[in-house]
Amino acid sequence: MKKLEQLRTYLRTIQNQNYELIWAKTWDDTKKDIEWILNLPGISPGRWAVGYNYLYVLTRVLHELRPHSALDFGLGISGTLFSTYFDFFNYPDGDHTIIEHDKEWIEFYSKNNRISSATHIEAVSCIEKVYRGNNYTAYNNLESLLKNKKYTVISIDGPKGSDRYSRRDILEFLPEILNDSFVILVDDAERVGEKDTIYEIRKKLSNNGIEFCEGLYPGMTECVIFTSINNRFLCTM
């Protein structure tokens with residue numbers, strides 16, 4: 001049985017690597033005709049950063065929807081993509097908010113990356129909260145930053161994941177924080193903690209009478225996308 005499970009794990013790893021290679025090629029082909037992405041600096045997807053599947057989906061979301069507002073949990077590659085996009089279009093009402101807990105990382109990133117005038121990096125400390133008897137890491141006092149705000153695109157790749165009910169800060173603000181046309185992206189969707197949160201996002205939208213579509217994009221890690229009905233094509237790209 002042990003050898004059989006090892007074989008299954010090996011085959012799953014090979015499958016996920018193949019997915020990742022396909023997404024890398026797909027993203028490379030996709031971005032060739034996207035003018036704003038030509039200014040994107042060198043990036044290294046994978047490991048702790050989002051993978052090529054996430055990068056491809058987010059690129060398509062930005063290119064197809066041309067959003068004027070975005071909320072970004074976790075500072076990294078997604079923030080670089082968002083900032084490049086907002087820098088190119090320079091919308092008068094552009095709003096890209098990044099929530100990040102690590103002040104040293106914010107300082108390093110800010111010194112070494114071009115940041116759009118629409119991009120605001122908010123240093124927010126992390127605390128431990130308890131939900132249904134399980135500890136999870138959460139951003140502290142988001143209410144002061146997000147109250148009465150609305151976004152078209154929300155990217156969830158922070159804070160540090162928890163064993164259960166991971167990265168569930170957004171649930172406190174749904175559905176009020178969403179524009180009528182919206183996209184929510186969740187990284188690391190194969191993990192139990194993120195699956196908990198994905199289930200609760202699904203439930204929160206349904207309980208508030210919001211019609212939505214959901215899609216899964218597998219790779220070395222999985223990402224899940226929720227969209228308003230008018231953006232349902234983004235779930236099957």
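All residue numbers in this chain count up from 1 along the given sequence.
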Could you give the distance from OG1 (T59) to CE (M237), rounded to the nearest 0.5 Å? 9.0 Å
Out of the candidates N134, T197, D196, only one should pair with R164 under the side-chain hydrogen bond (donor to acceptor under 3.5 Å, both in side chains) rule; please name it. D196
Strictly distance-based, threshold 3.5 Å: is any side-chain N or O of T26 a donor or acceptor partner for the main-chain N or O of I22? yes
What is the ring orientation for Y91 with H68, classed by angle as parallel under 30°, tilted 30 to 60°, or perpendicular over 60°? parallel
State, with a plain yes or no, whether a side-chain heavy atom of I156 is found less than 4.5 Å away from one of D72. no
Exceeds 12 heavy-atom contacts within 6.0 angstrom, atom CD of E128: yes
Using modelled atom types and a 3.5 Å cut-off, is there a donor and acceptor pairing between side-chain atoms of E100 and backbone atoms of L75? yes
Non-hydrogen side-chain atoms of F226 and R202 separated by less than 4.5 Å: yes
Locate the shortest heavy-atom distance separating S162 from T137; write the atom from each residue and the value. OG-N, 3.0 Å
Within the structure provided, determine whether Y54 and L185 are in side-chain contact (heavy-atom separation under 4.5 Å). yes
Minimum side-chain heavy-atom gap P159-R167 below 4.5 Å: yes
Distance check, rounded to the nearest 0.5 Å: F82 atom CZ versus D87 atom CG? 15.0 Å
Does a side-chain N-to-carboxylate-O contact under 4.0 Å join K103 and E107? no
Within the distance-only criterion (no hydrogens, no angle test), does the side chain of N113 pair as donor or acceptor with the backbone N or O of Y109 below 3.5 angstrom? yes
Side-chain contact, heavy-atom cut-off 4.5 Å: I98 with F73? no
Does CG belonging to N179 count more than 12 external heavy atoms closer than 6.0 Å? yes
Can you tell which of N231, T227, T152 makes a side-chain hydrogen bond (donor to acceptor under 3.5 Å, both in side chains) with S181? N231
Is there a side-chain contact (heavy atoms from CB on, under 4.5 Å) between I201 and V186? Walk through the geometry before answering. CA-CA 10 Å; I201 291 174; V186 185; 4.1 Å; yes
Report the residues that fulfil salt bridge (charged side-chain N to carboxylate O under 4.0 Å, His left out) with K31, sequence neighbours left out, ordered by chain and then residue number. D28
Between the side chains of K203 and E214, is the shortest nitrogen-to-carboxylate-oxygen separation below 4.0 Å, so that they form an ion pair? no
W36 vs F89 side-chain heavy atoms within contact, under 4.5 Å: yes
To the nearest 0.5 Å, atom CZ of R168 lies from atom CD1 of I170 at 11.5 Å
N/O donor-acceptor pair under 3.5 Å between R60 side chain and V57 backbone: no
For the backbone of Y217 and the side chain of N53, can you confirm whether one donor and one acceptor N or O come within less than 3.5 Å of each other? yes
Derivation of the side-chain contact (heavy atoms from CB on, under 4.5 Å) call for V153 and I184: CA-CA 6 Å; V153 181; I184 303 171; over 6 Å; no
Beyond-backbone contact of I37 with L81, side-chain heavy atoms, under 4.5 angstrom: yes
Check Y85 against P67 and note the closest heavy-atom contact, atom names and distance. OH-O, 2.8 Å
Looking at K149, H120, K150, which one forms a side-chain hydrogen bond (donor to acceptor under 3.5 Å, both in side chains) with D95? K149
Show the numbers, then the answer: is there a side-chain contact (heavy atoms from CB on, under 4.5 Å) between S117 and F86? CA-CA 8 Å; S117 59; F86 279 103; over 6 Å; no
Run H101 and S125 through side-chain contact (heavy atoms from CB on, under 4.5 Å) and show every step you take. CA-CA 5 Å; H101 75 281; S125 61; 5.9 Å; no
Any pair with a residue in residues 148-205 that passes ring-ring contact (aromatic ring centres under 6.0 Å, His included), sequence neighbours left out, goes on the list, sorted by first then second residue, please. Y131-Y165
Can you name the nearest heavy-atom pair linking Y139 to D169, along with the distance? N-OD1, 3.1 Å
Of all the heavy-atom pairs spanning E122 and T97, show the shortest one and how long it is. CG-CG2, 4.1 Å
For T119 and S116, which I'm curious about, is there any donor-acceptor pair between the side chains at under 3.5 Å? yes
Grab the two heavy atoms, one from K195 and one from E190, that are nearest each other, plus how far apart they are. CE-O, 3.4 Å
More than 12 heavy atoms of other residues, nucleotides or ligands under 6.0 Å from CG of N141: is that the case? yes
Side-chain (D188) to main-chain (R191) donor-acceptor, under 3.5 angstrom: no
Tell me, please, which residues at least two apart from Y136 pass ring-ring contact (aromatic ring centres under 6.0 Å, His included). none
So for atom CZ, which belongs to R66, do other residues, nucleotides or ligands contribute more than 12 heavy atoms lying within a distance under 6.0 Å? yes
Inspect the surroundings of CG in D93 and state if more than 12 heavy atoms from other residues, nucleotides or ligands are less than 6.0 Å away. yes
Taking C-beta and beyond as the side chain, do L234 and L65 meet within less than 4.5 Å on heavy atoms? yes
